[in-house]
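Below, read A as the first sequence line, B as the second, and so on, with proteins coming before strands; counting in each chain starts at 1. Values below: every heavy atom of this structure, side chains too, minus hydrogens, waters and symmetry copies.
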Number of protein chains: 2
Amino acid sequence: MTRPHLRAARTRSIGEVINLLKPEFPEITVSKIRFLESRGLIEPQRSASGYRIFTEDDVRRIEYILREQRDHYLPLKVIKSKLVAWEHGEESPVPPESGPPPEAYFASSGVSLTPRELMRSSGLSAEQLDALVDQGVLEPFELPDGSAVFRDDDLVIAKAAHRLLTRGLEVRHLRTIRLAADRQTDLLGQLAAPLLRHRNPDNRRKAAEILADCAEAATQLEEALVRGRLRRLLERQ
Amino acid sequence: MTRPHLRAARTRSIGEVINLLKPEFPEITVSKIRFLESRGLIEPQRSASGYRIFTEDDVRRIEYILREQRDHYLPLKVIKSKLVAWEHGEESPVPPESGPPPEAYFASSGVSLTPRELMRSSGLSAEQLDALVDQGVLEPFELPDGSAVFRDDDLVIAKAAHRLLTRGLEVRHLRTIRLAADRQTDLLGQLAAPLLRHRNPDNRRKAAEILADCAEAATQLEEALVRGRLRRLLERQ
DNA sequence: CCGACCCTCAACCGAAGGTTGAGACTTCTG
DNA sequence: CAGAAGTCTCAACCTTCGGTTGAGGGTCGG
């Protein structure tokens with residue numbers, strides 16, 4: 001069941017792998033690779049004399065591991081379990097893995113920021129901020145005294161917006177994203193609507209759970225779709 | 001600049017905080033809270049006699065910390081830096097923080113799965129899988145020998161789809177999400193188009209970088225928007 | 001006044017993630 | 001064909017992280 005190939009795939013010794021990885025991961029060492037094997041994250045073939053032999057796939061796997069460590073701070077245990085789950089699909093009737101409890105999804109750190117603070121933290125200019133509020137991308141909270149306050153979600157939004165704006169997108173493009181978010185919210189909202197109609201706390205909690213889980217899944221779905229499409233875009237030369 | 005309040009906000013002693021947190025975090029201890037303070041993640045007020053006094057905000061902050069640990073395995077250092085960045089906005093002209101290098105975003109673990117394996121790993125039924133392929137949500141790779149193969153992104157998609165389907169969404173809803181992803185891809189694609197036209201490796205790399213960064217930012221933006229809207233949906237009773 | 005609660009500070013702890021070095025074999029290189 | 005460079009295993013060791021434990025002592029509520 002291996003992929004057909006005409007020329008034997010290129011393989012590498014441990015030292016060659018290190019050199020390959022060095023540019024992206026300067027910290028990598030021979031002993032670390034061996035350590036990863038000892039922990040069961042990789043399983044390179046061996047030559048007759050006992051030398052490790054790495055295929056392209058092995059190298060990709062190592063890169064993946066190192067990136068998860070570097071970019072998401074994941075413990076090796078967790079990375080391993082992802083890799084394993086991957087590999088030969090978990091056994092038997094799979095319960096759809098549901099994410100963290102709703103509290104986590106809807107958690108807020110409780111900070112609140114003035115427009116001024118938001119600008120400083122995000123890097124947005126006053127005009128940009130105004131435009132974003134105007135387009136409904138940012139929605140400040142009105143306090144009784146008339147001043148506006150932003151929450152932690154808004155900071156995430158503002159930072160992301162700043163990033164996109166400096167890359168050349170315009171506020172109207174961000175409005176498009178906002179519309180997509182609205183549609184997504186509607187979709188999910190419908191799902192929870194029946195539960196929210198009769199307002200008892202038990203149903204409310206249940207609704208929160210469903211919404212959190214589905215919102216997360218929907219985000220993952222969309223992100224993976226976009227990533228896949230972009231990858232293809234880059235691949236076809 | 002504090003929020004106006006009529007009745008003094010409720011405060012709590014360390015033991016009371018523990019009791020409050022126990023349900024969601026059974027592992028919590030007094031010493032752990034003190035430890036978090038020693039690491040500078042929280043800074044409760046003190047009474048005249050030196051007792052720690054926790055406000056609602058402090059409690060929320062602790063909950064946030066504990067959730068980041070539990071759900072995203074983040075090291076305390078990283079959580080702290082997020083909290084600090086938050087708080088009083090990083091100083092001075094903010095360079096838009098850009099994410100990890102493009103390799104990370106477009107990274108693939110290099111696994112490939114047969115339809116059968118994908119079903120087992122995701123929990124999708126054969127009909128569901130067919131329907132998803134039909135709607136363009138999943139796009140298998142055709143091998144020369146005619147068999148179909150899925151990549152790691154597809155596994156993420158399949159799992160998320162399964163999660164949503166068991167929650168009551170239908171394939172046509174997922175198609176909606178796919179369309180949103182298409183639009184998003186177009187939007188980003190335009191941004192990189194000029195660079196991709198003249199095909200030299202330097203431009204290509206640059207395009208990858210921009211795409212990865214913007215895709216990430218766009219996802220964050222949309223997610224934060226959806227989260228905010230859902231939160232409001234739940235809040236208004 | 002007593003029992004429950006809280007404080008600090010220093011010492012200690014286990015797990016995670018590697019590193020180091022000794023001793024021995026294998027593989028390139030001139 | 002020698003020797004330098006690369007690789008192997010295995011056990012000991014190391015640092016950082018994320019706390020725990022305990023001694024010694026003050027504080028609060030009934």
Side-chain angles (χ1 to χ4, degrees), chain A residues 10-22 25-55 58-59 61-84, chain B residues 10-22 25-55 58-59 61-84:
Chain A
R10 168 94 202 262
T11 66
R12 296 182 164 83
S13 74
I14 198 165
E16 291 169 323
V17 171
I18 295 298
N19 290 328
L20 219 54
L21 262 27
K22 216 73 181 214
F25 308 95
E27 311 276 63
I28 193 68
T29 62
V30 173
S31 75
K32 175 156 185 176
I33 302 268
R34 296 206 262 243
F35 174 73
L36 290 178
E37 185 188 29
S38 80
R39 284 286 195 273
L41 300 224
I42 53 176
E43 223 170 336
Q45 295 291 105
R46 296 301 184 111
S47 74
S49 55
Y51 279 29
R52 290 173 182 78
I53 299 176
F54 298 82
T55 65
D58 289 325
V59 176
R61 192 170 167 120
I62 296 172
E63 286 174 330
Y64 176 78
I65 294 166
L66 297 177
R67 288 192 191 111
E68 286 289 18
Q69 276 201 296
R70 182 191 60 192
D71 301 327
H72 302 299
Y73 310 96
L74 291 189
L76 293 182
K77 269 188 191 174
V78 174
I79 300 176
K80 178 175 178 185
S81 72
K82 285 177 93 165
L83 250 12
V84 169
Chain B
R10 167 95 203 261
T11 65
R12 295 184 166 80
S13 73
I14 197 166
E16 292 170 322
V17 171
I18 294 298
N19 290 328
L20 220 53
L21 262 28
K22 217 75 182 214
F25 307 95
E27 311 276 62
I28 192 69
T29 63
V30 173
S31 75
K32 176 156 183 176
I33 303 268
R34 296 205 263 245
F35 175 73
L36 291 178
E37 185 186 31
S38 80
R39 283 288 197 272
L41 298 228
I42 53 177
E43 222 170 335
Q45 295 291 104
R46 295 303 183 112
S47 72
S49 55
Y51 280 26
R52 289 174 182 80
I53 299 177
F54 298 83
T55 64
D58 288 324
V59 175
R61 193 169 166 121
I62 297 172
E63 287 174 331
Y64 176 80
I65 295 166
L66 297 178
R67 287 198 267 259
E68 287 288 15
Q69 276 200 296
R70 182 191 58 192
D71 301 326
H72 302 299
Y73 311 95
L74 291 189
L76 291 182
K77 268 189 191 171
V78 174
I79 299 176
K80 177 175 179 184
S81 72
K82 285 177 93 167
L83 250 11
V84 169

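Within 4.0 Å of B:Glu37, counting heavy atoms only, lies no atom of the nucleic acid at all. Among the atoms of the strands shown, none is found under 4.0 Å from any heavy atom of A:Ser47.
One atom, CD1 of A:Ile33, and another, P of C:dG17, lie 15 Å apart when rounded to the nearest Å. Across the protein-nucleic acid pair, B:Ile65 atom CD1 and D:dG18 atom P stand 12 Å apart, rounded to whole Å. Atoms CD1 (B:Ile18) and C1' (D:dT20) sit 14 Å apart, rounded to a whole Å. Separating the CZ atom of B:Phe25 from the P atom of D:dG19 is a distance of 12 Å, rounded to the nearest angstrom. The distance from atom CD of B:Gln45 to atom P of C:dC6 is 18 Å, rounded to the nearest whole Å. The distance between atom OH of A:Tyr73 and atom P of D:dT16, rounded to the nearest whole Å, is 18 Å. Atom CD of B:Glu16 is separated from atom C1' of D:dC28 by 12 Å (rounded to the nearest Å). Remark: P of D:dT27 and CD1 of B:Ile14 are 17 Å apart, rounded to the nearest angstrom.
Look at A:Ser31 and you'll find a side-chain N or O under 4.0 angstrom from OP1 or OP2 of C:dT19. The phosphate of C:dC6 (OP1 or OP2) has a side-chain N or O of B:Ser13 nearer than 4.0 angstrom. Listed pair B:Arg34 / C:dC7 meets the phosphate criterion, a side-chain N or O lying under 4.0 Å from OP1 or OP2. A close approach under 4.0 Å does not occur between any side-chain nitrogen or oxygen of A:Arg12 and OP1 or OP2 of D:dT7. Of the side-chain N and O atoms in A:Lys77, one or more sit less than 4.0 angstrom from OP1 or OP2 of C:dA16. A sub-4.0 Å separation between OP1 or OP2 of D:dT7 and a side-chain N or O of A:Arg52 is absent. Residue A:Gln69 places no side-chain N or O under 4.0 Å from the OP1 or OP2 atom of C:dA16. Within the 4.0 Å cut-off from OP1 or OP2 of D:dG19, not a single side-chain nitrogen or oxygen of B:Thr29 is found.
Both A:Glu27 and A:Tyr51 lie close to DNA chain C; mapped to their nearest nucleotides by heavy-atom distance, the more 5′-ward contact belongs to A:Glu27.
Side-chain proximity of B:Ser49 to the nucleotides D:dT27, C:dT26, D:dT20 is greatest for D:dT27. Minimum atom distance to the side chain of A:Arg39 is reached by C:dG17, of the listed C:dC7, C:dG17, C:dT26.
Within the 3.5 Å criterion, the main-chain N or O of B:Leu41 finds a donor-acceptor partner in the side chain of B:Arg61. Judged by distance alone, the side chain of B:Glu16 and the main-chain N or O of B:Ser13 form a donor-acceptor pair under 3.5 Å. Although no hydrogens or angles enter the test, the distance criterion places a donor-acceptor pair under 3.5 Å between the side chain of B:Arg46 and the main chain of B:Gly50.
A:Tyr73 and A:Gln69 form no side-chain donor-acceptor contact under 3.5 Å, judged by distance and modelled atom types alone.
Contact detail for A:Pro44 and A:Ile53: the closest heavy-atom pair is CB-O, 3.5 Å.
Within the 4.5 Å cutoff, no side-chain heavy atoms of B:Phe54 are placed close to those of B:Leu20.
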